[in-house]
Colleague: 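Got a structure for you, questions after.
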Number of protein chains: 2
Amino acid sequence: MGVDCHHTESAQPGLEGAALASAVAAAASKCERTRERLTPPRRRVLELLLEADGPMKAYDLIAAYGQDGEPAKPPTVYRALDFLERLGFAHRIESLNAYVPCRMEGTSHRAAFLICECCGTAEEFEPDFSPQFAAAEAAGYAVRTVTLEARGLCPACKVEAEPIAT
Amino acid sequence: MGVDCHHTESAQPGLEGAALASAVAAAASKCERTRERLTPPRRRVLELLLEADGPMKAYDLIAAYGQDGEPAKPPTVYRALDFLERLGFAHRIESLNAYVPCRMEGTSHRAAFLICECCGTAEEFEPDFSPQFAAAEAAGYAVRTVTLEARGLCPACKVEAEPIAT
DNA sequence: CAGGTTATGTTATTTCATAACGCAAGAGAT
DNA sequence: ATCTCTTGCGTTATGAAATAACATAACCTG
């Protein structure tokens, strides 16, 4: 998806096997604690996000949904994504119309990504929004969520784009 | 658009008359300096953005395009928006699928908005991205653009939501 | 088990954006 | 001036992303 280069897109290798099961189990237990229900469609979409090597488009998820090859109906996946976002298990990347599993522990009301315009990977990082928050509150705003999306080149693609020079 | 409340949406009053003409003229002269062409469709879309009271959806622009009521064809408006974004005269707000004229002078490769989820206004502010930039560069990224979208309640809607408390 | 609430299944539609192609207009070289 | 290269426009059609609406099913709680 959106791959402009020939890199093997391995910057964010997907989970498999035990690691995948463990990540899903962690989400499940977190749900139990908060009396939320990790129902089959929600679990399935979370699995697909965790297995993926990079951001997944909604219709990629729809196509990949059925283990037998049967696609899901769009609302099935969009509802699951709403749930996963609400619980902080996934983030939507607005500038890509795509979704990633949350790679950070902790609070879910902020997310920041470094998006490579060459290979399409999106790396989540822990932002320090304090200056922006302060500015917003100073202006009288009550901030609920903040998202930051920085676009550019990841280390690998950057090297390739500048073969020799500075 | 996206208005959940009954406020007269006047947080970002649109330009008219002389102010509008002056803003368009400023853009035109900036284009001349850089050998860019502010062609009729581009000028028209810029006018519509400047006249608007808040973020405009692409299809709102399409519908409003013709002074005689004739809508534009989608590519006409999307191309104009691409141009205006490239020159820094407009910004796309990803989380709204909407567009606003740039309210800040200067560089165009970063934009930050305070978006009111109640009345739909989007206020541009000057961000201090230095911590995020530093984090990104430390991770080896070459950042090209940064966008930040903070969602919450503007001062007016905040008061209304908390009639008494705190 | 009655009754409210939350989640799903399904059909259809709406909203957002771009591909592809031919034509027109401007800029620079000779 | 006019060639021609590039850039932008007009047009048709299609693709991609997301949601509306409504019926059914599952869960919880008293």
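Within every chain, numbering begins at 1; the chains are lettered A, B, ... in the order of the sequence lines, protein sequences first and strands thereafter. These numbers were taken from a predicted model, which means no experiment stands behind them.
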Colleague: Tell me: CD of A:E32 to C1' of D:dC28, nearest whole Å?
Modeller: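 Distance, rounded to whole Å: 16 Å.
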
Colleague: Kindly state each residue pair satisfying salt bridge (charged side-chain N to carboxylate O under 4.0 Å, His left out) with at least one member in residues 12-23 of chain A, sequence neighbours excluded.
Modeller: none

Colleague: Can you see if the side chain of B:R42 gets near the phosphate of D:dG8 - specifically, an N or O under 4.0 Å from OP1 or OP2?
Modeller: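 Indeed, a polar side-chain atom of B:R42 lies that close.
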
Colleague: Please state how far atom OH in A:Y59 lies from atom P in D:dG15, giving the value in whole angstrom units.
Modeller: 14 Å

Colleague: Between B:E94 (CD) and C:dC16 (C1'), how many Å, whole number?
Modeller: 12 Å

Colleague: Tell me what A:P40 touches on the nucleic acid: a base, only sugar-phosphate, or nothing, going by heavy atoms under 4.0 Å.
Modeller: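 No contact at all - A:P40 keeps every heavy atom at 4.0 Å or more from the nucleic acid.
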
Colleague: Give a yes or no on whether a salt bridge exists between B:R92 and B:E85, defined as a side-chain N under 4.0 angstrom from a carboxylate O.
Modeller: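 Salt bridge flag = no for B:E85 with B:R92.
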
Colleague: Which pair of heavy atoms, one from A:P41 and one from A:A80, lies closest together, and at what distance?
Modeller: O-CB, 3.9 Å

Colleague: Within the pair A:K57 and D:dA16, is there a side-chain N or O less than 4.0 Å away from OP1 or OP2?
Modeller: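 Negative; the distance criterion is not met.
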
Colleague: For the CG atom of B:L148 and the CD atom of B:E94, what is their distance to the nearest 0.5 Å?
Modeller: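 Nearest 0.5 Å value for the CG-CD distance: 12.5 Å.
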
Colleague: For D:dA17, take OP1 and OP2 only and decide whether either is under 4.0 Å from a side-chain N or O of A:Y99.
Modeller: no

Colleague: Select from B:A80 and A:P74 the residue whose nearest nucleotide in DNA chain D is closer to the 5' end of that strand.
Modeller: B:A80

Colleague: Would you kindly give the CG-to-P distance between B:L81 and D:dG8, to the nearest whole Å?
Modeller: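 Atom CG in B:L81 sits about 15 Å away from atom P in D:dG8.
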
Colleague: Mind checking B:R37 for me? I need base, sugar-phosphate or nothing, with any heavy atom below 4.0 Å counting as a touch.
Modeller: sugar-phosphate

Colleague: Indicate whether OP1 or OP2 belonging to C:dT15 is found under 4.0 Å from a side-chain N or O atom of B:Y78.
Modeller: no

Colleague: Output the rounded distance in Å from NZ (A:K73) to P (C:dT10).
Modeller: 4 Å

Colleague: Is B:R92 near enough to C:dA17 that one of its side-chain N or O atoms lies under 4.0 angstrom from OP1 or OP2?
Modeller: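 Yes, within the criterion.
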
Colleague: Return no unless some side-chain N or O of B:T39 is found under 4.0 Å from OP1 or OP2 of D:dC9.
Modeller: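 For D:dC9, OP1/OP2 do have a side-chain N/O of B:T39 under 4.0 Å.
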
Colleague: Report the distance from atom CG of A:L61 to atom P of D:dA16, rounded to the nearest whole Å.
Modeller: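 Going from CG in A:L61 over to P in D:dA16 covers 15 Å.
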
Colleague: Nearest-Å distance, CD1 (B:I62) to C1' (C:dT15)?
Modeller: 11 Å

Colleague: Mapping B:P75 and A:E36 onto DNA chain C by nearest heavy atom, which one lands closer to the 5' end?
Modeller: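 Taking each residue's closest nucleotide, the earlier one in sequence belongs to A:E36.
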
Colleague: Are the charged groups of B:R103 and B:E123 less than 4.0 angstrom apart, N to O?
Modeller: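 Not counted as a salt bridge, because no side-chain N and carboxylate O are separated by less than 4.0 Å.
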
Colleague: On a plain distance test, is the side chain of A:R79 in donor-acceptor contact with the base of C:dG9 below 3.5 Å?
Modeller: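 Looking at the base of C:dG9, it does pair with a donor or acceptor on the side chain of A:R79 (distance under 3.5 Å).
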
Colleague: Respond yes when some side-chain nitrogen or oxygen of A:T76 is under 4.0 Å from OP1 or OP2 of C:dT8, and no when none is.
Modeller: no

Colleague: Rounded to the nearest angstrom, tell me the gap between atom CG in B:L96 and atom P in C:dT15.
Modeller: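 Atom CG in B:L96 sits about 16 Å away from atom P in C:dT15.
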
